[in-house]
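Computed from a predicted model, the values in this text were never measured in an experiment. Residue numbers begin at 1 in each chain, while the letters A, B, ... track the order of the sequences.
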Amino acid sequence: MKWRRIWALVKKDLMEFTKSKYVLSAIIGIPLLFAVLIPVTTLLPIAKINPAEFEGDDTFPSFINNLFASSVDDWASLNMQAQTLIMMAYLMFVMVLMLPIIIPAVTASETIVGEKERKTMEAILASPITETEIVFAKIISSLIPSFFATFIAATGFTIITDILVYPFIGQILFPDFLSLIFVLVFGPMISIISVELMIMISTKVKSVRDSYQIGSLVVLPLIFLILAGMLSFFFNSIATLIGGVAVMVVIIVILFKLATNIFNREKAIIKMT
Amino acid sequence: MLAVETRNLTKDYDIKKEGKRAHLRAVDGLDLAIEKSEIYSLLGPNGSGKTTTSRLLAGILRPSVGGARILGLDVVDDASQVRSIVGLLTETPALYERLTVRQNLTFIANLYDVPKEEIKPRIEELIDLFDLPEKIDLPAGSLSKGMRQKVAIARSMIHDPPVIFLDEPTASLAPESAKVVRDQILKLSKLEKRTFFLCTHNLFEAERLSTRVGIINHGKLISEGTPNQLRDLKKDETTTVFKFAVWNDVIKNFFQERNYDVLDINPERKSISIFIKEIEKETPTIIDELIKQNLPMFEVRHEYPTLERVYLELVMSENLPRNQEEEES
């Protein structure tokens with residue numbers, strides 16, 4: 001693989017993204033929406049409830065208590081309102097982690113099917129760049145906005161959530177070990193899987209619209225990977241998490257092989273015409 | 001070593017016809033031998049296989065049968081090397097509209113591994129060559145169709161390729177821009193010994209530029225030769241025009257009484273067009289007689305069949321049944 005060609009393609013894609021209002025609004029707008037709207041619409045109403053309404057003998061089921069007691073300090077000593085806020089914050093954090101799935105659906109569709117639709121792909125295919133280099137470059141250029149968007153959203157979500165939750169628990173909730181692992185390790189890996197799936201779909205379809213429609217159906221089940229990862233961490237701690245990461249690495253490698261096998265110069269040209 | 005050489009080059013596409021899978025033969029047994037620094041034009045109607053041929057030769061498509069070599073490199077076994085030594089202007093010269101002309105050209109130069117220090121001077125050279133200096137930092141999307149075409153041609157030459165395939169190079173250009181492109185093709189071919197393979201509908205262009213012309217129909221090469229050789233195929237259809245200083249019926253009667261095959265009488269232009277079977281033998285005789293009769297003839301002109309006429313007759317008379325499609329059993 002020649003890095004110069006890969007980087008040329010990545011740089012070109014990123015320049016195009018920054019000049020596309022549609023892609024730019026998806027990369028910046030959606031993360032901001034997730035960062036602000038989610039905590040404000042879910043945590044703020046709970047924080048505004050009169051604490052008296054939480055008084056009583058009600059408790060969460062024991063499995064929820066066990067789940068959070070293992071990762072939140074002094075969980076048992078917190079009142080019901082604080083526990084509800086923490087639980088909602090973690091649930092909503094899962095929503096933020098959907099960004100590594102959603103953003104590649106936009107960027108990968110744009111960068112492969114968009115090139116086919118606008119017929120700019122032919123000039124790339126006519127050059128000496130290999131199919132593997134094209135797929136690799138497209139993965140990187142689709143991933144960078146996804147990392148960027150997830151980072152913006154997670155940072156925004158963390159700040160707003162901490163502002164809302166701190167008065168109730170007397171400490172900052174995020175970033176904790178779990179959120180850092182998910183933003184810095186799980187999120188990017190989910191993103192890579194999402195991009196690879198989108199690239200496989202993009203090589204098969206003719207229009208960006210088809211790519212969005214099929215892609216959103218195919219990548220949505222990835223949310224279960226996030227939930228499974230999070231729950232496995234709660235229940236079984238780091239060993240399971242490392243196992244989960246190893247499984248995802250295997251999935252990434254297999255999907256990369258599949259994507260490079262599916263992406264074929266000749267078929268790409270024929271599909272364009 | 002030949003610049004372009006094909007042997008029985010054939011390309012089949014899988015298509016769906018009436019719900020069944022079928023083969024469409026786009027290129028059918030093409031044999032070409034193009035020397036270095038030639039300008040070879042492939043003429044043919046839409047769907048005749050011109051674009052598929054240039055894609056096969058540029059190493060993007062793989063032949064179904066037969067093969068091709070570009071400067072000795074096999075288009076299948078050495079496809080990557082072939083792609084690095086050929087330039088290809090595609091049928092749709094799509095540029096990245098949001099990027100500037102410079103960014104478009106730099107991107108492609110990097111894909112072709114043009115040495116970094118050579119990219120800037122090369123871009124400037126091409127920009128000057130195609131008369132685009134004031135457009136270099138404008139987004140490609142803001143350019144006119146003709147300008148974009150010129151940028152796309154420059155893009156196909158960014159890596160200094162010795163063999164260049166141009167699909168309809170002047171299709172969307174204004175006459176003055178088309179002339180700039182034609183002049184550059186001639187210059188690059190003559191001075192820098194580059195080989196050009198043009199796919200075109202523009203018969204005037206093919207006639208003026210090409211060292212040789214191939215006519216393709218239904219994927220088959222139906223005729224090939226220099227423009228003169230092709231015109232000579234219809235040599236016996238040359239018409240002779242006689243022009244007179246004064247027009248009168250005596251002139252008309254002169255030709256009609258001698259049973260010449262009169263094609264057109266134009267009293268306004270004071271001219272008459274006739275068809276003569278043996279031009280060299282009969283023309284001097286007619287001139288002698290006209291002079292003897294004191295008819296005020298002041299111009300005699302032979303109108304040879306144009307390449308357009310030859311092309312149209314060849315393509316229209318090509319009545320091959322389209323039996324290339326074979327349904328899969």
Is it the case that atom OH in B:Tyr13 sees more than 12 heavy atoms from other parts of the structure closer than 6.0 Å?
yes

Top contributor to chain A interface from B:Thr52, B:Thr51, B:Leu89, B:Val114 [non-hydrogen pairs under 4.5 Å]
B:Val114

Would a 4.5 Å heavy-atom cut-off, applied to side chains only, mark B:Tyr96 and A:Glu115 as touching?
yes

Least distance between heavy atoms, B:Leu111 atom then A:Ile129 atom
CD2-CD1, 3.9 Å

A:Arg5 and B:Asn110: side chain donor to acceptor below 3.5 Å:
no

Side-chain contact test, heavy atoms from C-beta onward, threshold under 4.5 Å: evaluate it for A:Lys119 versus B:Thr90 and give yes or no.
no

Check whether the side chains of A:Lys19 and B:Gln103 place a donor and an acceptor atom closer than 3.5 Å, and report yes or no.
yes

Are the side chain of B:Arg83 and the backbone of A:Ala126 linked by a donor-acceptor contact shorter than 3.5 Å?
no

Rounded to the nearest 0.5 Å, what separates atom OG in A:Ser20 from atom CD in B:Glu97?
12.0 Å

Region of A:Leu9 in contact with chain B, defined by heavy-atom distances below 4.5 Å:
both

To the nearest 0.5 Å, what is the distance between OG1 (B:Thr106) and NZ (A:Lys11)?
8.0 Å

So which residue, B:Leu88, B:Ile108, B:Leu99, ends up with the most heavy-atom pairs under 4.5 Å with chain A?
B:Leu99

Under 4.5 Å heavy-atom distance to chain B, tell me which part of A:Lys2 shows up: side chain, backbone, both or neither.
side chain

Rounded to the nearest 0.5 Å, how far apart are CG of B:Leu61 and CG of A:Leu125?
9.5 Å

Residue, of B:Ala152, B:Ser80, B:Pro139, that accumulates the most heavy atom pairs under 4.5 Å with chain A
B:Ser80

Are any of the side-chain heavy atoms of B:Thr92 and A:Glu122 separated by less than 4.5 Å?
no

If we ignore hydrogens and angles and just use 3.5 Å, is the side chain of A:Glu16 paired with the main-chain N or O of B:Arg98 as donor and acceptor?
no

So for A:Thr130, is it side chain, backbone, both, or neither that comes closer than 4.5 Å to the heavy atoms of chain B?
neither

So B:Phe107 and A:Ile124, do their side chains get closer than 4.5 Å, heavy atoms only?
yes

Please indicate whether A:Phe148 has more than 12 foreign heavy atoms, meaning atoms of other residues, nucleotides or ligands, lying under 6.0 Å from its CZ.
no

Quick one: of A:Arg265, A:Arg4, A:Glu266, who has the most non-hydrogen atom pairs under 4.5 Å with chain B?
A:Arg4

Honestly, the part of B:Asn104 sitting under 4.5 Å from a heavy atom of chain A is neither

For B:Ser84 versus A:Pro128, what's the shortest heavy-atom pair and its separation?
CB-CG, 3.5 Å

Taking all non-hydrogen atoms of both residues into account, name the closest pair between A:Thr120 and B:Leu95 and its distance.
CG2-O, 3.5 Å

